[in-house]
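Chain letters run A, B, ... following the sequence lines, proteins first, then strands; residues in each count from 1. No experiment lies behind these values; they were computed from the predicted model shown.
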Amino acid sequence: MKNHYSAFAVAREALRNHTGWQRAWRRAQPKARYDVIIVGAGGHGLATAYYLGKRFGITNVAVLEKGWLGGGNTGRNTTIIRSNYLQDPSAAIYEKSRSLYETLSQDLNYNVMFSPRGVMMLAQTEHEVRGYQRTAHANALQGVKTEFISPRQVKELCPIIRLDGPRYPVLGALWQERGGTARHDAVAWGYARACSDMGMDIIQQCEVTGVRSEGGRVVGVDTTKGAIGCDKLGIVVAGHSGVMAEKAGFRLPIESVALQALVSEPIKPVMDVVVMANTVHGYMSQSDKGEMVIGGGADGYNNYTQRGSFHHVEETVRALIETFPMLSRLKMLRWWGGIVDMTGDRSPILSKTPLEGCFINCGWGTGGFKAIPGSGWGMAELIAKGHSPLTDAFSLDRFREGRFIDESVAAGVAH
Amino acid sequence: MLILTCPYCGVAAEETELAPGGEAHLTRFGPGSDDAEFESYLFYRENPKGVHFERWRHANGCGKWFHAARCTNTLEVFGTYPAQTTEPPAALREAISAKRPGWSWRSFSEET
């Protein structure tokens, strides 16, 4: 079986020229059928598979990925983890997720570098001050530890910030002390390794081209590596959810747009918190390598191009420079986009679908990374048992019934 | 940067000069419609990876609404046309057919 990663293992391998390390996950070819097929080997898909095995003992599972593991939004986000949402169902799933991150490295025996360095969401208008004070009160009732802090406290936590900008003064912030960041690739890799160890097949470069059904019930999928049968199907493909849903014969209230981010050249440590500035459409943290990781706005029109638009970078950087004047000297190194799946109420969909046995997990929009463990936890229960207290409120029929989970304020990026 | 030609003033306008207005040719449902129709009208939008029809406004220009046909996968623009219509013009549909054989979008397709 696989190596157990530990300080002892590192020492042992150092003594034998690192010849004993094994593949983190097996290279698998599809079997004829599985109990459960998960489409999409990103964080959410792999977490779903992992908790199916760990919580419910369902290990005859395949995770199909058309590209490479963790190569979609899992590898393209700005790695922010927080749970300071407004509505109760959101607080439940995001806080579950955040709390799972606390021990995820130990659970997976894989260092996901969870760094609860604290997340502050700046209030730069009177409306934001009131909005965040309301969120802080809601969080207190939900048992999520956040507080509204003063500009003086903001400056103490983040000395490089300029409080008295003429256009965007800092009037306070919503502070979540146990929010932070994690290594996004490691989250996917850690789950993949654990899934593979439970006997699950992770099949990359295997695109699902069709969904097979009989009598309104899913029976399998067609893929570029042939037909594969299944009892249950979980679609966890983020930006391409609409494309997959069409193959499965139903529609989703989702629109796909590009969201972009960029990083600067690496510099010495200047900022040990995550700062989000929603009024100016920017958020920033400093990576362990020293790069300033900057998230920008989303395009206003549907597209699948996985690249950014220059004018969004200009807007984001212009505004951030006013709040962080020291940024103006930095060169930007890399710039990329990911396709985010936006719902009308900015909350995700974790639900049964009109196709019996087919489940969908999508709509995480601009903030899915933080939710990976909680989403997998709930989605696994939904697939195994047909319902989950964590996901029931996020069903597909909430739009028809008017049970919105409105997070357009808390979702944290300009829409 | 996306560049669309305004069909009214003829200006090849950059994205920053335009305001996106979402899916084109929506059928509106109001009083008397059933839940499914109203839900579909309010929340369900076409989200194709490929040929897409949209509304745009020449916000920092002549201010008028117009339609655009675009590929969401490549950002290729097939053409723009005025807002006073409920379907894409035949010439534009033929132009799209030449570039994307077998395309379809809602009730419109290569054949119709």
Side-chain angles (χ1 to χ4, degrees), chain A residues 66 207 237-247 250-258 260 297-315 318 337 339-347 349 354 362-363 365 395-404 406 415, chain B residues 1-4 13-26 29 33-60 65-78 80 100 102-107 109:
Chain A
K66 75 169 175 179
E207 182 174 358
V237 296
H240 282 71
S241 295
V243 176
M244 269 304 301
E246 194 182 336
K247 288 176 180 143
F250 58 91
R251 297 183 72 199
L252 290 172
I254 292 263
E255 289 189 276
S256 298
V257 300
Q260 59 190 311
D299 284 338
Y301 51 87
N302 296 20
N303 75 70
Y304 287 85
T305 52
Q306 290 192 321
R307 60 177 183 246
S309 320
F310 191 78
H311 71 275
H312 279 306
V313 172
E314 197 178 353
E315 282 164 18
R318 189 166 54 205
I339 303 306
V340 297
D341 38 342
M342 310 297 289
T343 55
D345 60 1
R346 303 297 183 246
S347 284
I349 297 168
C362 66
S395 67
L396 195 50
D397 55 15
R398 75 173 186 268
F399 296 95
R400 178 172 306 190
E401 295 170 2
R403 291 182 290 103
F404 311 121
D406 183 1
H415 300 299
Chain B
M1 182 174 288
L2 195 63
I3 297 174
L4 300 176
E14 292 184 354
E15 195 177 324
T16 47
E17 203 175 319
L18 302 163
E23 184 180 342
H25 309 304
L26 281 181
F29 289 95
S33 58
D34 64 28
D35 285 357
E37 287 169 336
F38 199 59
E39 180 195 22
S40 168
Y41 163 51
L42 279 181
F43 298 107
Y44 283 73
R45 291 291 176 268
E46 292 299 315
N47 191 23
K49 186 175 184 176
V51 176
H52 193 37
F53 295 87
E54 290 170 322
R55 300 197 318 145
W56 287 80
R57 195 167 82 88
H58 195 184
N60 296 315
W65 284 100
F66 63 91
H67 287 131
R70 202 166 58 76
C71 177
T72 60
N73 197 22
T74 64
L75 296 191
E76 181 178 5
V77 177
F78 301 117
T80 56
R100 299 285 188 280
W103 71 276
S104 72
W105 186 84
R106 256 170 37 195
S107 61
S109 65

A/F310 atom CZ, over 12 foreign heavy atoms within 6.0 Å: no

Decide if atom CD of A/E315 counts as having more than 12 heavy atoms of other residues, nucleotides or ligands within a radius under 6.0 Å. yes

A/D299 versus chain B, heavy atoms under 4.5 Å apart: side chain, backbone, both or neither? side chain

So what's closer than 4.5 Å to chain A heavy atoms on B/E46: side chain, backbone, both or neither? both

Part of A/I339 lying under 4.5 Å from any heavy atom of chain B: neither

At what distance, to the nearest 0.5 angstrom, does NE2 of A/H240 lie from CG of B/N47? 9.5 Å

For B/T74, is it the side chain, the backbone, both, or neither that has a heavy atom closer than 4.5 Å to a heavy atom of chain A? backbone

Can you tell me how far the CD atom of B/E39 sits from the CZ atom of A/R251, to the nearest 0.5 Å? 10.0 Å

A/N303 and B/L75, any side-chain heavy atoms less than 4.5 Å apart: yes

Are B/H52 and A/Y301 close enough that some pair of their side-chain heavy atoms sits under 4.5 Å apart? no

For the student: nearest non-hydrogen atoms of A/Y304 and B/K49, plus distance: CE1-CA, 3.6 Å

Mind ranking B/E23, B/E14, B/R70 by heavy-atom pairs under 4.5 Å with chain A and telling me who comes out on top? B/R70

Residue part contacting chain B, namely of A/F399, when any heavy atom lies under 4.5 Å: both

Side chain / backbone / both / neither for A/T305 at chain B, heavy atoms under 4.5 Å: both

For the CG atom of A/L252 and the OH atom of B/Y44, what is their distance to the nearest 0.5 Å? 6.5 Å

Highest number of heavy-atom pairs under 4.5 Å with chain B among A/G242, A/A258, A/S256 belongs to A/S256

For residues B/E54 and A/N302, report the shortest heavy-atom separation together with the two atoms involved. OE2-N, 3.9 Å

Distance col, row A/D345:CG vs B/F43:CZ, nearest 0.5 angstrom, shows 7.5 Å

Side chain, backbone, both or neither of B/A36 within contact of chain A (heavy atoms, under 4.5 Å): both

